[in-house]
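What follows is a single structure, written as C-alpha cells, with notes after it.
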Amino acid sequence: MELKLYDTLTREKRVFKPLDPANVRMYVCGPTVYDFAHIGNARPVIVFDVLFRLLRHLYGVDHVTYVRNITDVDDKINARAAEEYPGLPLNAAIRKVTEKTDKQFHEDVAALGCLPPTVEPRATEHIAEMKTLIERLVASGNAYVAEDNVLFSVPSMHDYGRLSKKPLDELIAGARVEVAPYKRDARDFVLWKPSKPGEPAWPSPAGISAPGRPGWHIECSAMSWKYLGETFDIHGGGIDLVFPHHEDEIAQSRCAFHTPVMANFWMHNGFLQVEGEKMSKSAGNFVTIRELLRGWKGHAWPGSAIRWAMLQTHYRQPIDWNIEMISRSANELLGLLNRLRAGFRAQGLVDFDQLRNALRDRKPSKEVLSTLMDDLNSPEATAAVRAHKSWNIEETIRCAADLTFLGVLKDSDIRYFAAFHAISSDVENSDKMMGLATDYQVARANNDPLFAASVLSQFDNLGLKIVEKESSLLVISKKSDNSNFDESVQRLIEERAKARVAKNWTESDRIRDELAKMGVVLKDTKDGTTWEIAR
RNA sequence: GGCCACGUGGCGGAGUGGUUACGCAACGGUCUGCAAAACCGUGUACCCCGGUUCAAUUCCGGGCGUGGCCUCCA
C-alpha cells in the first residue's frame, strides 16, 4: 500500500516517495500571532496534523520533521501592540502581544488534538538566515535594491507562476495593487523594507544603511531552508496562500539555491466559510477556536468534536462551518464514546486507567490507514472507524484506537467527554445546572483548567459543588449535602420498582420524571432497571 | 476581466463507466404497562443540455449556479 498525495503544482495525485525515508520533511505555514486563531486557522493545523501522524506511522516517529512557523513580525502585530499596550515601547508591546497570542494558539490547537510540530521557528529569530538568502538573490541578479527596499525581480525567473498557473503577462492585467514607483516591474515583491521609526528593525542586508525588516514571504524560505534544507518533501498551507505567498517562496528558494523545485509536494487545504459567507468581523460571522471551546451558540464544544467535524470533509473541499455541523459531530462522538464505555463495561473494565491501558500501543486498523493513504481521505476514514459488526470488545478497542490515531480521542476526552452529569434532587433550576455541568465536562475534556475553574466558581457562588465520581460521573449538589447520590438514585429506582409491581403507573412515572430532572435516564431491561445520565 | 475549484438523497458528505458509501435526522419493527435505550429494517440521490459508450451521477463539450484567488488572509 502506497501513500498517494495530491500535488497542487502538477495537479495530480502521485505516489509519495520521500527524499530521505530516515528524515521525511514537511513545512506548513503557521499563524501570524496577533489575535485569537479562528476556526479557519484550525483547518490546516488539523489537516497537516493528520498527515504528520500518518507519516510518523509509516516512517517512524523519529523519522519525520514537521516545521510550522510562527510569524511574529507583521503590520497587524504592530498595530495590535500599539493599541493594547500604548504605554510600552513598541518592541516590548509587540513581545507581549506575540507571547500571549502564541500561548493561546498552542492551548487551542492542543484541545483540537494536534501534536506539537517538531520545530516551531519564529521569524524574528531567523533574521540572519533571511538576510543570507537576500544577499544571495541580489548577487545572482534575482533581486535588487531600490530606495532601501530589496525587491525580488519576478521577470528574472522565467517559470514564475507555475504553482498558481498564472501566466506571467496576465498578472499585471488584473492587478489592483498600487505599484510602488521604485519597482522595476509591477510584479516584483518585497524581500526587505525599511522600518518606520519605533518599529522592529534590524541592520539591513545588501549594503542598505537604514535599518529594516523582512517581507512576509522570505520568512518561510529562510526557516524551511534552515530546518529542512534546500529541497524537502511536503509544503502545506491554506489554498489562499498559493498566490502570492507560496509562489514567491518558490521563487526565492529556487533562485537562491538554483534548484528545480522547492518541495516535491505542495498541499493546500480548502477554504472554510461560516454560515455560507467568508468569515470576517464585519460580517459578524467571525468565530474563534477559543469561542467554540468555551461557548459558541450557547454551548461549549469539545475540541475532539470540532476535529471530528472537520474530518467529515475531505481536506481539499470547502467547508461551510455552522451550528449543525458541530452539534451533529458532538452528538455522534458522544454516542460513540458511550458505546465504547458500554463495551468496556461489559468486559468488567470500568476504570479509566484500565481503559487507557487497553488502548496503549494499539495500531490503527488497516481500513483506516488505507483510506488515509489515498490522499488523506478522512471522510472515508471516519466511515471506516464506524464500520463494525458488533460492539464486542475487539471492535470496541479497534474503534477507540482508530479514533486515537486520528487525534480525535485524547485521554481527557476518554475520561470526560462522555462523562455523565447529574444533579441532586434538591437543587433548583436544573436546566441551567445541566448547562453548567456540560460546560465543566467540556472544560475537562479540553484540558482547559481556566475554564473549568470559572465554571466551578459559578457553582460556588450558587452554594453548589460538583463531585467527580468514579466511572465518569459528575454530580452537582448543595455544598452542605453529604448524601450519597448513587444511593438516593438507587432508592428511587427501588421505590419505582415497587410501584411497578403494584401496577401503579402514575407513581412509577412520577418517580421516573423526578429522576429525569436529576439527569438520570432509566432503562428497563429484562434483567432489571439500569440507569444512565441523560445526554 | 483573468485563473481555479465545486454543484450527490431532508441535512452533512465519500465514491464509482454497469453493484449498499457513511453519519445525522425521519419513518417502520422487535422489546416495553407506556417510554427511554438497544437491536433490526426502510428511503429508489447524483444541476441542465448535448456528445462518446452496449451502458454516465462518474469521461468530453456547452450552459446555469455557488465559491476561492488575482490585495493582508488558513
Side-chain angles (χ1 to χ4, degrees), chain A residues 8 11 28-32 34 37-48 68 71 74-77 79 161 163-167 169-178 187 189 216 236-247 268-273 276-280 308-309 311-322 324-333 335-336 338-339 342 371 374 377-387 390-391 499-506 508-509 512-513 515-516 520-526 529-532 534-535:
Chain A
T8 307
R11 317 262 158 159
V28 174
C29 292
T32 300
Y34 68 100
H38 56 67
I39 183 63
N41 298 119
R43 178 112 102 141
V45 178
I46 291 173
V47 165
F48 292 103
R68 186 180 63 207
T71 297
D74 174 89
D75 285 339
K76 274 180 291 199
I77 296 174
L163 183 70
S164 54
K165 291 262 192 292
K166 287 187 190 300
D169 49 351
E170 281 182 19
L171 270 176
I172 308 171
R176 280 178 277 159
V177 198
E178 198 180 315
R187 299 161 295 186
F189 58 89
W216 176 40
I239 195 164
D240 54 325
L241 293 182
V242 170
F243 189 91
H245 184 53
H246 290 165
E247 200 73 78
H268 294 97
N269 61 272
F271 213 77
L272 180 145
Q273 292 183 273
E277 285 187 67
K278 181 162 177 168
M279 179 167 33
S280 72
W308 187 243
L311 294 180
Q312 303 307 312
T313 305
H314 185 88
Y315 76 92
R316 284 192 275 121
Q317 293 293 112
I319 288 184
D320 183 25
W321 189 263
N322 53 52
E324 285 78 22
M325 176 156 278
I326 179 64
S327 62
R328 189 185 350 233
S329 292
N331 189 38
E332 190 199 353
L333 211 45
L336 272 174
N338 273 332
R339 283 176 174 187
T371 57
D374 182 16
N377 193 337
S378 62
E380 289 279 16
T382 65
V385 168
R386 292 161 184 141
S390 66
W391 285 104
R500 293 182 71 212
V501 171
K503 297 208 191 299
N504 185 350
W505 307 128
T506 318
S508 86
D509 287 351
R512 188 165 65 195
D513 289 347
L515 284 164
V520 173
V521 171
L522 297 178
K523 298 180 182 182
D524 294 333
T525 70
K526 288 191 196 76
T529 300
T530 62
W531 61 277
E532 251 184 24
R535 292 187 199 169

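Letters go in sequence order (proteins before strands), and every chain restarts at 1.
The CG-C1' distance, from A/Asn269 to B/rC69, rounds to 14 Å in whole Å. With rounding to whole Å, A/Glu247 atom CD is found 16 Å from B/rU71 atom C1'. With rounding to whole Å, A/His268 atom NE2 is found 14 Å from B/rA5 atom P. A/Asp240 places its CG atom 5 Å from the C1' atom of B/rA74, with the value rounded to the nearest Å. With rounding to whole Å, A/Arg386 atom CZ is found 6 Å from B/rC22 atom C1'. The nearest whole Å value for the distance from the CE atom in A/Met325 to the C1' atom in B/rA25 is 15 Å. The interatomic distance linking A/Gln273 (CD) with B/rG68 (C1') rounds to 8 Å, in whole Å. The CD1 atom of A/Ile77 sits 12 Å away from the C1' atom of B/rC72 (whole-angstrom rounding).
In this pair, A/Phe271 lays its aromatic ring flat on the base of B/rA74, centres within 5.5 Å and planes under 30 degrees apart.
The shortest distance between the side-chain N/O atoms of A/Asn331 and the OP1/OP2 oxygens of B/rA25 is below 4.0 Å. Residue A/Lys278 places at least one side-chain N or O under 4.0 Å from the OP1 or OP2 atom of B/rC69.
Closest approach of A/Ser378 to A/His314, counting heavy atoms only: OG-CA, 4.5 Å. Considering every non-hydrogen atom in both A/Leu241 and A/Cys29, the closest pair reads CD1-CB, 3.7 Å. Closest approach of A/Trp308 and A/Arg386 over heavy atoms only: CZ2-NH2, 3.8 Å. Between A/Ser508 and A/Arg500, the shortest heavy-atom contact is CB-CG, 3.6 Å. Of all the heavy atoms in A/Glu247 and A/Leu163, the pair that sits closest is OE2-N, 3.3 Å.
Comparing the same atom, P, in B/rU58 and in B/rC47 gives a spacing of 8 Å after rounding to whole Å. The separation of B/rU71 from B/rU66, taken at their C1' atoms, amounts to 23 Å, rounded to a whole angstrom. To the nearest whole angstrom, the two C1' atoms, one in B/rU53 and one in B/rG68, are 35 Å apart. Atom name C1', nucleotides B/rC31 and B/rC40: the rounded distance is 11 Å, in whole Å. Straight-line distance between the C1' atoms of B/rU44 and B/rU57: roughly 14 Å, to the nearest whole Å. Spacing of P atoms, B/rG9 relative to B/rC3, comes out at 30 Å, to the nearest Å. Annotation: B/rC24 and B/rA37 have their P atoms spaced 13 Å apart (nearest Å). Rounded to whole Å, the separation between the C1' atoms of B/rG65 and B/rC48 comes to 10 Å.
At a threshold of 4.0 angstrom between heavy atoms, the contacts of A/Gly40 include nucleobase atoms, whether or not backbone atoms are also involved. Looking at heavy-atom distances under 4.0 Å, A/Thr371 makes no contact with the nucleic acid at all. Base contact: A/Arg500 has a heavy atom under 4.0 Å from a base atom. Nucleic acid contact for A/Arg11: sugar-phosphate only, since backbone atoms but no base atoms lie under 4.0 Å from a heavy atom of the residue. When heavy atoms are screened at a 4.0 angstrom cut-off, A/Arg328 is found touching base atoms of the nucleic acid. Counting non-hydrogen atoms under 4.0 angstrom, A/His38 reaches a base of the nucleic acid.
Nearest-nucleotide mapping onto RNA chain B: of A/Thr506 and A/Glu324, the residue sitting toward the 5' end is A/Glu324. The residue among A/Ser164 and A/His245 whose nearest nucleotide of RNA chain B is located toward the 5' end is A/Ser164.
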Steps toward side chain to side chain contact (heavy atoms under 4.5 Å, CB included) verdict (A/His246, A/Thr8)
CA-CA 11 Å; A/His246 290 165; A/Thr8 307; over 6 Å; no
Evaluate the criterion side chain to side chain contact (heavy atoms under 4.5 Å, CB included) for residue pair A/Arg328 and A/Asn331; output intermediate values, then yes/no.
CA-CA 5 Å; A/Arg328 189 185 350 233; A/Asn331 189 38; 5.7 Å; no
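Using Watson-Crick or G-U wobble geometry with both donor-acceptor distances under 3.5 Å, B/rC6 finds its partner in B/rG65. Using Watson-Crick or G-U wobble geometry with both donor-acceptor distances under 3.5 Å, B/rG50 finds its partner in B/rC60. Remark: B/rG43 base-pairs with no nucleotide in the shown strands. Criterion, Watson-Crick or G-U wobble with two distances under 3.5 Å.
For a distance-only test at 3.5 Å, the side chain of A/Asn377 fails to qualify as a donor-acceptor partner of the base of B/rG13. Residue side chain A/Arg512 reaches the base of B/rC34 through a donor-acceptor N/O pair under 3.5 Å, judged by distance alone.
Listed nucleotides: B/rC24, B/rA14, B/rC22. Nearest to the side chain of A/Glu332: B/rC24.
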